[in-house]
There are 2 protein chains.
Amino acid sequence: MAISDAQRTALPTLEDVARAAGVSRATVSRVVNGAPSVSPELQRVVQDAIAAVGYVPNRAARQLITRRSGVIALVMSIAPGSAADASALDAGAPDDAVLRDPAPDGAASEDASPDASADTAVDRVFADPFFGRIVAGVLGFLRPLHLHPLLMLAEDEASRALVLDHLRQGAADGALVVSIDPADPLPGLLVQAGLPAVFFARPERPLPVRYVDLAHQDGGRLAAERLLAQGRRQVAAIAGPLSLHAGRARLDGFCDTMARHGVAYVPYTVGNFTQDSGERAMRELLEREPELDGVFAANDLMAVGALHVLRERGRRVPQDVAVIGFDDSSAAASARPRLTTVRQPVEAMAARMAQLLLERLDEPDSPPRAVLFDTELVVRASG
Amino acid sequence: MAISDAQRTALPTLEDVARAAGVSRATVSRVVNGAPSVSPELQRVVQDAIAAVGYVPNRAARQLITRRSGVIALVMSIAPGSAADASALDAGAPDDAVLRDPAPDGAASEDASPDASADTAVDRVFADPFFGRIVAGVLGFLRPLHLHPLLMLAEDEASRALVLDHLRQGAADGALVVSIDPADPLPGLLVQAGLPAVFFARPERPLPVRYVDLAHQDGGRLAAERLLAQGRRQVAAIAGPLSLHAGRARLDGFCDTMARHGVAYVPYTVGNFTQDSGERAMRELLEREPELDGVFAANDLMAVGALHVLRERGRRVPQDVAVIGFDDSSAAASARPRLTTVRQPVEAMAARMAQLLLERLDEPDSPPRAVLFDTELVVRASG
DNA sequence: TTCACCACTGAGAGCGCTCTCTCGCCCCTG
DNA sequence: CAGGGGCGAGAGAGCGCTCTCAGTGGTGAA
């Protein structure tokens with residue numbers, strides 16, 4: 001990895017600007033950084049000189065002394081063998097067949113896929129609409145502040161160490177961590193290293209950290225109330241992994257509310273938040289409870305899977321069976337029938353997460369705080 | 001934005017390690033950077049000292065002299081009023097209704113969505129599965145090299161300037177640019193500024209740049225051949241924006257192949273790559289050609305929209321009408337019936353794009369090159 | 001008039017690292 | 001045994017910036 005010499009042709013420095021403007025380096029620096037006290041005339045002169053020589057400040061030099069990089073790490077943390085034990089599933093439908101184009105007609109095309117991507121946990125993370133929403137939320141908040149997120153992935157011992165090192169080296173001023181594994185050691189490591197971090201969803205093991213989270217239980221309640229209001233009494237649930245707070249709480253909220261209204265028995269199956277697992281779960285539930293008239297899935301992807309199976313089995317939605325999802329992801333609106341779902345304001349949560357980190361950066365000694373977001377029921381056609 | 005003083009408690013520097021090891025700063029530096037010539041004993045001593053004092057190199061100091069940040073910018077560039085003139089559509093189905101939870105039961109929850117995100121072009125970009133695939137591909141390639149992508153968004157004059165400034169300031173060594181607007185000035189600006197950049201898809205206006213792209217036309221041909229092989233002759237197409245090369249070429253490849261096989265008339269409608277536009281297009285096509293028996297959509301999202309409309313209209317897929325999509329995105333596999341589609345190896349393309357950038361960084365004077373990827377037909381159930 | 005006090009600007013010391021240059025040492029050769 | 005070559009290590013000069021501290025000139029109060 002050589003040095004990019006090409007246009008290293010001596011970019012202008014503060015010194016150059018100072019010379020051009022006939023002032024000192026310090027004065028130019030003051031102007032560049034929103035001068036607290038530089039006379040208007042000099043300010044003009046310096047501004048002109050900056051424009052004339054085409055000066056841009058060198059981030060590295062600035063960071064060296066200010067100890068601020070102006071970068072925020074966005075860490076997607078997925079430990080292998082995690083709650084998403086989905087590795088065995090969905091590796092392409094069995095009926096898939098790839099017809100390779102035998103002879104590209106003359107074009108100098110190159111088939112350059114060296115390490116053909118196996119469909120790993122990693123790919124699944126980025127394929128989930130959840131990821132895009134997080135990014136959109138973070139970016140929306142950071143952009144006006146002229147900050148940018150550095151995307152990092154932690155999936156094993158090595159990459160976790162790398163993330164920690166990068167942070168310690170000052171590659172970023174702090175980390176926004178989306179951890180989707182209850183046994184993930186990263187949160188603990190970050191705290192231990194004293195690195196500024198804010199989490200999406202509370203860590204599974206209690207830690208004195210800042211985080212944003214959702215009133216999951218309440219979401220489950222909303223779904224239950226909706227089904228109850230429709231007179232559904234033979235309901236079932238497709239839960240998320242019970243090792244995750246989100247998985248347990250959504251289910252609990254649903255079941256508790258049902259129980260409170262006299263529906264004591266709520267059969268459920270555990271999925272892993274993928275569409276395929278939703279399909280499997282729905283099949284199993286129909287097997288067990290052929291008469292069911294309502295289903296609550298702990299996320300939209302699983303709900304969509306349930307929708308497919310119900311259609312395949314000739315059940316009409318919502319006439320025969322009502323289906324309620326969770327998240328209000330893009331999948332909910334594009335499903336047919338459109339999915340009634342419990343909204344999780346992911347973008348707003350992600351934005352808030354970023355805001356919490358900046359607060360922590362500005363006031364290192366402020367006590368850790370958490371922000372809980374409320375859910376809403378988005379009523380569409382499925383239930 | 002004050003300084004995070006908390007643990008600024010004098011991180012150990014090279015100097016400290018040198019003292020601890022009883023050697024000079026230079027020697028420690030050599031060891032840290034894969035010493036070309038340091039005696040094994042000394043190496044051991046230094047390594048131990050590094051571990052003992054808990055040293056991590058300071059990136060800023062290093063970057064200041066090496067002029068390498070070890071960061072790659074990943075720029076999503078969307079000019080407003082672009083090909084995706086989707087602003088008018090899909091802003092929530094009209095039948096949506098939000099039931100706000102009136103009284104959260106006591107919990108100290110906070111409804112903190114200050115700038116409630118309007119569904120902007122930005123959100124749409126990140127909601128598209130395409131984005132996740134790009135990220136996954138880039139990350140897959142960069143990660144083993146211990147490099148990280150800095151995510152930037154360029155959507156208007158101001159943010160474009162910001163991206164350019166950041167690059168000039170050395171926030172990143174180069175840029176990977178995904179530009180989804182034919183009129184986007186960013187590619188030109190980057191070239192003009194002499195900044196290292198590689199593009200996903202060729203710039204609409206010819207520029208001497210590196211890029212990866214797809215044999216779009218060939219993909220259209222594959223789709224046509226598939227339909228022809230099934231004896232479909234009343235075919236139609238849902239095209240992408242014709243202002244984009246991808247939009248035109250996919251359509252051209254499809255129509256040309258049809259023509260070559262005696263199907264001279266191929267009605268088509270232009271969509272904007274969203275599911276909604278696919279639905280609208282399908283409705284229009286059915287209106288115009290009630291007898292059609294095959295549809296080629298320029299991407300999977302639009303194909304899924306077509307699927308919905310066909311079902312709604314009582315057409316069986318694939319018995320009555322065959323549907324072929326493009327991209328082989330997650331939407332294709334999760335649709336019902338599963339979507340036959342032309343695969344675009346986005347992950348591999350993104351990885352290659354990153355590789356091209358690193359090559360450019362290593363050899364600034366190497367001539368711009370492009371890499372074209374081939375398509376494949378992925379046969380599933382829809383056609 | 002004198003002195004304290006601003007308000008503004010300049011000088012200079014580093015931030016932590018890399019890299020060139022130099023030096024010392026050992027080994028090989030004539 | 002002297003001289004040359006090569007290798008390993010140290011010294012020191014910055015990279016471009018910020019920030020403290022000192023200095024200058026002007027003003028108002030004593």
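Each chain gets a letter, A, B and so on, in the order the sequences are listed, and its residues count up from 1.
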Residue [X], side-chain atoms from C-beta onward, closest of [options]:
X       : options                : answer
A:Leu64 : D:dA11, D:dT18, C:dC15 : C:dC15
A:Thr66 : C:dC17, D:dA11, D:dC19 : D:dC19
A:Leu42 : C:dC17, C:dG12, C:dT9  : C:dT9
B:Thr27 : D:dA9, D:dC17, D:dG14  : D:dA9

Margin query: Quick check: on DNA chain C, is the nucleotide nearest A:Pro40 upstream (toward 5') of the one nearest B:Tyr55, or the reverse? Name the residue that is more 5'.
Written below: A:Pro40
Margin query: Under a 3.5 Å threshold, yes or no: a donor from one side chain and an acceptor from the other, between B:Arg352 and B:Gln355?
Written below: yes
Notebook entry, point to check: When A:Ile50 is tested against each of A:Asp16, A:Val32, A:Leu14 for side chain to side chain contact (heavy atoms under 4.5 Å, CB included), which residue passes?
Noted result: A:Val32
Below 4.0 Å: OP1/OP2 of [N] and any side-chain N or O of [X]:
X       : N      : answer
A:Asn58 : D:dC15 : no
A:Thr13 : D:dC15 : no
B:Ser29 : C:dC19 : no
B:Arg62 : D:dC15 : no
A:Ser24 : C:dT9  : no
A:Arg59 : D:dG16 : no

Checklist line | A:Arg68/A:Asp362 ion pair, N-O < 4.0 Å | finding: yes
Check: For the side chain of B:Arg30 and the base of D:dG10, is some donor closer than 3.5 Å to an acceptor across the two?
Finding: yes
Note to self: Tell me whether the side-chain N or O atoms of A:Arg25 pair up with the base of D:dT18 as donor and acceptor below 3.5 Å, since no angle test is needed here.
What the structure shows: yes
Notebook entry, point to check: Would you call the rings of A:Phe131 and B:Phe131 parallel, tilted or perpendicular if under 30° counts as parallel and over 60° as perpendicular?
Noted result: parallel
Would you mind reading off the distance between [X] atom [atom1] and [N] atom [atom2], rounded to a whole angstrom?
X       : N      : atom1 : atom2 : value
A:Leu14 : D:dC17 : CG    : P     : 4 Å
A:Glu15 : D:dG14 : CD    : P     : 13 Å
A:Gln63 : C:dC15 : CD    : C1'   : 11 Å
A:Ile50 : D:dC17 : CD1   : P     : 10 Å
A:Arg19 : D:dG16 : CZ    : C1'   : 13 Å
B:Ile65 : D:dG16 : CD1   : P     : 10 Å
B:Glu41 : D:dA9  : CD    : C1'   : 13 Å
B:Asn33 : C:dC19 : CG    : P     : 7 Å

Notebook entry, point to check: When rounded to the nearest 0.5 angstrom, what distance separates CG in A:Asn58 from CG in A:Leu11?
Noted result: 8.5 Å
Notebook entry, point to check: Counting heavy atoms not belonging to B:Gln43, are there more than 12 under 6.0 Å from its CD?
Noted result: yes
Check: If you pin B:Ala61 and B:Val23 to their nearest nucleotides in DNA chain D, which one's is more 5'?
Finding: B:Val23
